[in-house]
Amino acid sequence: MKKFGVYKNIRKRAVIMGLTIALFALMMTTVIGSLLFVIFSFSFSVIIGVFVFNAGLYIALTHVTKNPALFHFKKVFPNSISNKKVSQLYYECP
């Protein structure tokens with residue numbers, strides 16, 4: 001009889017083969033595209049090149065998944081800078 005453990009990482013994102021759902025879909029799309037490329041080209045070097053490309057893409061995507069700060073671009077400065085003091089109470093104008 002098979003035993004199932006308690007899934008404790010319920011708040012984390014779902015992953016398939018170490019990739020998030022969107023990155024896994026991107027990987028599968030490139031795999032299917034490269035399979036079509038291999039089918040219609042009859043060269044051994046193309047087959048090796050596609051294999052190396054897919055392996056490199058998988059390594060790059062897992063690296064991005066483990067380090068999400070690589071592509072996290074955030075505005076450092078606000079749109080406007082002011083010396084005015086902001087009051088904590090907002091009054092409605094009649």
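Linking Ile, Leu, Val, Met, Phe, Trp and Tyr residues whenever their side-chain heavy atoms come within less than 4.5 Å places L23 and V31 in a single cluster. Residue M28 is not grouped with residue F51 when hydrophobic side chains (ILVMFWY) are merged at heavy-atom distances under 4.5 angstrom, including chains of intermediate members.
If you chain together ILVMFWY residues whose side-chain heavy atoms come under 4.5 Å of each other, F53 ends up in a group of its own. In this structure, V52 belongs to a hydrophobic cluster whose other members, linked by side-chain heavy atoms under 4.5 Å apart, are F44, I48.
Considering all non-hydrogen atoms of both residues, T65 and G18 come closest at CG2-O, 3.6 Å. Here the shortest heavy-atom pairing between M17 and Y58 reads O-OH, 2.8 Å. Residues L19 and M27 share a closest heavy-atom pair of CD1-CB, 4.1 Å. Minimum heavy-atom separation, T62 to I59: OG1-O, 2.9 Å.
The residue from L57, I47, V50 that alone fulfils the side-chain contact (heavy atoms from CB on, under 4.5 Å) condition with S34 is V50.
When only modelled atom types and interatomic distance are considered, S45 and S43 share a side-chain donor-acceptor pair under 3.5 Å.
Residue T30 holds its OG1 atom at 5.0 Å from CG of N54, rounded to the nearest 0.5 Å.
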